[in-house]
2 protein chains.
Amino acid sequence: MTSVMSDMLTITELARETGITARAIRFYESKGLLTPRRAGTTRIYTHRERGRLQLILRGKRLGFSLTDIGEYLDLYDADPTQHDQILLLLDKVNSRIEELKSQKVDLDDTLKELTSVREQALAAMQEASAQAIRA
Amino acid sequence: MTSVMSDMLTITELARETGITARAIRFYESKGLLTPRRAGTTRIYTHRERGRLQLILRGKRLGFSLTDIGEYLDLYDADPTQHDQILLLLDKVNSRIEELKSQKVDLDDTLKELTSVREQALAAMQEASAQAIRA
DNA sequence: GGCTAAGTTGACGTAAACGTCAACTACCTT
DNA sequence: AAGGTAGTTGACGTTTACGTCAACTTAGCC
């Protein structure tokens, strides 16, 4: 099965494009993270769903649960004309920004440490080869 | 049960200190991530194990699996006098650095987007209140 | 209009990371 | 030495995020 219009993908096409399985995509839908249109019974993925899927995958790479990612996606299509929706949105955005900032601290610390481990390993090798030459 | 020497903690003390459960700590041990000494049957946690536990928790915050974290911990106590161990070590460190760097890109992108979402929400609120004044 | 490949919906299985008893054992205190 | 508090080892339960059939429709092609 292959779709006619460009920008309209079938589930296997989308799966191949993103490197995940069709099963996973259906699972995300069952969790409410995706809501593709249908052509009869067949799911049709357009630009919007592809974007959302990219956000889902990035969220996963960052270690968030699908539930977290669901809330995160809601931030994007919240109605900006509703005053209290905006306030709620701001709250969520702010707290997530704080989460990510502290995650960034962890990440930077770990990167520094690993870099230092590498330096030490390299130094140990230099020392070993220097001894071999002296021998 | 409470330990005499400072720097020597029992499992519940360590649990309280780190905010995780004793069950989790035992679980990490069963996975080989911790190897506390024993006083009889009771586990004794010293400076070394506490450091390792911090690394475990940070790894978790970064979204790594316990298996990943196990390999990561091995990097710290690899024998630096073994030449090929060092090479292996360097390989692992380098690939993990690459992982973390790409994770950092994801993180920065997400932070930028969320900040922009926040700006837009704030702008929408300004607009709404401005209209209220004009009315 | 019939075949085959692709898509769909359940139902069940699974791995990771613990939580939750249960049944003991070991300490420390009085 | 008796009792309560902590600690220990299984064993089983649970949630998340899918994988894996199985049994059916559906769609496009000749």
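Note on naming: letters A, B, ... go to the chains in the order of the sequence lines (proteins, then strands), and numbering restarts at 1 for each one. The figures here come from the full heavy-atom set of this structure, side chains too, leaving out hydrogens, waters and symmetry mates.
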Return no unless some side-chain N or O of [X] is found under 4.0 Å from OP1 or OP2 of [N].
X: A:T10; N: C:dA6; result: no
X: A:K60; N: D:dA17; result: no
X: A:T42; N: C:dA6; result: no

Nearest-Å distance, [atom1] ([X]) to [atom2] ([N])?
X: B:I11; N: C:dC27; atom1: CD1; atom2: P; result: 16 Å
X: A:L66; N: C:dA16; atom1: CG; atom2: P; result: 18 Å
X: B:L9; N: D:dA6; atom1: CG; atom2: P; result: 16 Å
X: B:L53; N: C:dC18; atom1: CG; atom2: P; result: 11 Å
X: B:E29; N: C:dC18; atom1: CD; atom2: P; result: 15 Å
X: B:I56; N: C:dA16; atom1: CD1; atom2: P; result: 17 Å
X: B:R38; N: C:dC27; atom1: CZ; atom2: P; result: 12 Å
X: A:M8; N: D:dA27; atom1: CE; atom2: P; result: 13 Å

Legend entry - Intermediate values then yes/no, salt bridge (charged side-chain N to carboxylate O under 4.0 Å, His left out), A:E49 and A:R38: CA-CA 12 Å; A:E49 306 301 319; A:R38 300 271 181 144; over 6 Å; no
Inset, instruction - Using only heavy-atom distances, decide whether a donor-acceptor pair under 3.5 angstrom links the side-chain of A:R26 to the base of C:dT8. - result: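 For A:R26, whose side chain was compared with the base of C:dT8, there is no donor-acceptor pair (under 3.5 Å).
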Legend entry - A:R23 or B:A24, whichever maps to the more 5' nucleotide of DNA chain C: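 Per heavy-atom nearest nucleotide, the more 5' residue is A:R23.
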Legend entry - Any residue meeting side-chain hydrogen bond (donor to acceptor under 3.5 Å, both in side chains) with B:D108, in chain and number order, not counting sequence neighbours: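 If we apply the side-chain hydrogen bond (donor to acceptor under 3.5 Å, both in side chains) test to B:D108, skipping adjacent residues, the hits are A:K104.
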Inset, instruction - Return the 5'-most residue of the pair A:A39, A:I25 with respect to DNA chain D, ranking by each residue's nearest nucleotide. - result: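 It is A:I25 whose nearest nucleotide is closer to the 5' end.
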Legend entry - 5' precedence on DNA chain D between A:T21 and A:T41 (nearest-nucleotide basis):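 Going by which nucleotide is closer to the 5' end, it is A:T21.
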Legend entry - Nearest-nucleotide pick for A:F27, side chain only, options being D:dT8, C:dC18, D:dC18: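 Closest nucleotide among those given: D:dC18.
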Legend entry - Any side-chain heavy-atom pair of B:R26 and B:L34 under 4.5 Å: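 They are not in contact (no side-chain heavy atoms under 4.5 Å apart), so the answer is no.
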Legend entry - Contact check, side chains of B:R50 and B:D7, non-hydrogen atoms, under 4.5 Å: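 SC-SC contact between B:R50 and B:D7 confirmed.
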Inset, instruction - Describe the nucleic acid contact of B:Y28 in one word from base, sugar-phosphate, nothing, applying a heavy-atom distance below 4.0 Å. - result: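 Sugar-phosphate contact only - B:Y28 comes under 4.0 Å of backbone atoms but never of a base.
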Inset, instruction - Walk me through it: do B:Y45 and B:E13 pass the test side chain to side chain donor-acceptor pair (under 3.5 Å)? - result: CA-CA 9 Å; B:Y45 297 91; B:E13 290 167 356; over 6 Å; no
